[in-house]
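Below is one structure, written out as structure tokens; the observations come after it.
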Amino acid sequence: MDCKNISAAAPDEQLRDEILRLKAEKNAVILAHYYVDGQVQDIADYVGDSLALARRAADEAANADIIVMCGVNFMGETVKVLCPDKKVLVPDTAAGCSLADSCPADEFEAFKAAHPDHTVISYVNTSVEVKALSDVLVTSGNARKVVDSFPKDAKLIFGPDRNLGAYINSVTGRNMLLWDGACHVHERFSAEEIIRLKKEHPGAPVLVHPECKRPVILLADKVGSTAVLLDYALASDAKEFIVATESGILHKMQKGAPDKTFIPAPPSDSTCGCNECSYMKLNTLKKLRDALRDETPEINVDPVQAEKARKAIDRMLQLS
Ligand code: 13P
Ligand code: SF4
């Protein structure tokens, strides 16, 4: 190993030691989403998709004193709603979500008021205020199951992701009213680029997150949440995969199947690197260490909004 590698490795090693020490001292638990940097995933106690993280938070409510959510703010809010008595920290409060931002609560409230006979189903990628306006929440891992739990003729609103909503409409035979929101990362995947890759790698199944646009979904061998795509990749006999979701998931795929090749689907503009969620990538080892050491930034939610949001989250957890 050359000197450059030694000096680059030392601070990370030190940070990891500090994180583990602080975590033990403070009885903290670290949760991380599959999209965060691999180093942060590796030090977390639990890595999962949005559904698994919500379930895990509900379980941790009884155990840890501090829960650090390495993901984006709406995930921290979900943890706080489920664990109101715990200190919930995030490494960086600038970690927003373009999808959650595409659904301002006041506009969603007006949309809901215009359709008073509809049940409101919201994706978990929303602010706590939008969750509070919802009858039930879903994640990409349980959206189909939750929607299927309603009678076929039920009048349903689905927000905020138009792509996930359209996909669920197509597989459940529904005609839910869709909020016109989207994720800037998933909207950028290009069907043309995936067709090109498929020609180069004819045996590679195409794995697609349902936040992608319909032409991309139509090319998929498997559509699902990050956890579903990971499980599929690990269980499949195929040796190569084309992956159309945020590239952080490749870390766990590659770790779980080092002999397989995972090819990130390029976005339509292949110079922009925008199959990375810049919000998720704000989570670094250093910020995680600082958050544990200083016990800030802390996520707090309005208790009235939280109580309403809790009902919608609990209903989701019961149905899935
Ligand atoms: P998952 O539901 O697969 O965890 O995805 C969350 C997300 O933010 C997708 O962009
Ligand atoms: Fe939000 Fe998209 Fe980032 Fe997921 S990938 S957190 S939906 S901006």
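Counting starts at 1 for both ligands and their atoms, following the listed order. In this text, all values refer to a predicted model and were calculated from it rather than measured experimentally.
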Exercise. Residues in side chain to side chain contact (heavy atoms under 4.5 Å, CB included) with Asp294, at least two apart?
Worked result: Asp290, Thr296
For this session: Just do the side-chain contact (heavy atoms from CB on, under 4.5 Å) check on Val79 and Leu82 with the steps written out, would you?
Result: CA-CA 5 Å; Val79 175; Leu82 288 166; 5.9 Å; no
Problem set entry | Region of Glu246 engaging ligand 1 - heavy atom pairs below 4.0 Å | neither
For this session: Any atoms of ligand 2 less than 4.0 Å from a non-hydrogen atom of His184? List them with their elements.
Result: 8 (S)
Exercise. Quick one: does Asn283's side chain have a donor or acceptor within less than 3.5 Å of a partner on Gly71's backbone?
Worked result: yes
Exercise. So Arg196 and Glu192, salt bridge (Lys or Arg N to Asp or Glu O under 4.0 Å) or not? Walk me through it.
Worked result: CA-CA 6 Å; Arg196 184 185 58 75; Glu192 290 73 26; over 6 Å; no
Seminar exercise, completed: Residues Ser247 and Glu276: closest non-hydrogen pair is OG-CG, 3.4 Å
Exercise. Do any heavy atoms of His33 fall under 4.0 Å from ligand 2?
Worked result: no
For this session: Could you tell me which atoms of ligand 1, counted from 1 in the order shown, lie closer than 4.0 angstrom to a heavy atom of Ser140?
Result: 1 (P), 2 (O), 3 (O)
Exercise. Between Thr139 and ligand 1, does any nitrogen or oxygen pair lie at a separation below 3.5 Å?
Worked result: no
Exercise. Closest non-hydrogen protein atom to atom 3 (Fe) of ligand 2, residue and atom name please, with distance?
Worked result: Cys277 SG, 2.4 Å
Problem set entry | From CA spacing to verdict: side-chain hydrogen bond (donor to acceptor under 3.5 Å, both in side chains), Glu246, Asn275 | CA-CA 5 Å; Glu246 209 275 352; Asn275 56 3; over 6 Å; no
For this session: Using a strict 4.0 Å cut-off to heavy atoms of Ser225, name the atoms of ligand 1 that fall inside it.
Result: 3 (O)
Seminar exercise, completed: Numbered in order shown, the ligand 2 atoms found under 4.0 Å of a heavy atom of Ser98 are 8 (S)
Seminar exercise, completed: Test side chain to side chain contact (heavy atoms under 4.5 Å, CB included), reference Glu77, set Val128, Asn300, Val90, Val88, output is Val128
Seminar exercise, completed: For Thr226, the ligand 1 atoms with a heavy-atom partner under 4.0 Å come out as 1 (P), 3 (O), 4 (O)
For this session: Rounded to the nearest 0.5 Å, what's the gap from CZ on Arg289 to CZ on Arg293? Could you check?
Result: 4.5 Å
Exercise. Looking only at N/O atoms, are Asp49 and ligand 1 under 3.5 Å apart anywhere?
Worked result: no
Exercise. Is the Phe158-Trp179 ring centre distance short of 6.0 angstrom?
Worked result: no
Exercise. Of all the non-hydrogen atoms in the protein, which one sits nearest to atom 6 (C) of ligand 1, and at what distance?
Worked result: Ser50 OG, 3.4 Å
Problem set entry | Nearest-neighbour protein heavy atom for atom 1 (Fe) of ligand 2, which is reported as residue plus atom name and distance | Cys97 SG, 2.4 Å
For this session: List every atom of ligand 1 that sits less than 4.0 Å from any heavy atom of His33, numbering the atoms from 1 in the order shown and giving each element.
Result: 1 (P), 4 (O), 5 (O), 6 (C)
For this session: Could you list the atoms of ligand 2 found under 4.0 angstrom from a heavy atom of Asn125?
Result: 7 (S)
Problem set entry | Short N or O distance, Asn125 and ligand 1, threshold 3.5 Å exclusive | yes
Exercise. Do the side-chain N and O atoms of His201 and Glu240 include a donor-acceptor pair separated by under 3.5 angstrom?
Worked result: yes
Problem set entry | Contact partition for Tyr34 relative to ligand 1, non-hydrogen atoms under 4.0 Å | neither
Exercise. Which atoms of ligand 1 have any heavy atom of His209 under 4.0 Å away?
Worked result: 1 (P), 3 (O), 5 (O), 9 (C)
Exercise. For Asn63, does its backbone N or O pair with a side-chain atom of Asn27 as donor and acceptor, under 3.5 Å?
Worked result: yes
Problem set entry | Taking atom 2 (Fe) of ligand 2 as the reference point, the nearest protein heavy atom with its distance | Cys183 SG, 2.3 Å
Problem set entry | Which residues share a side chain to side chain contact (heavy atoms under 4.5 Å, CB included) with Lys222, sequence neighbours left out | Leu207, Val228, Leu229, Tyr232
Problem set entry | Atoms in ligand 1 with a heavy atom of Glu211 nearer than 4.0 Å | 7 (C), 9 (C), 10 (O)
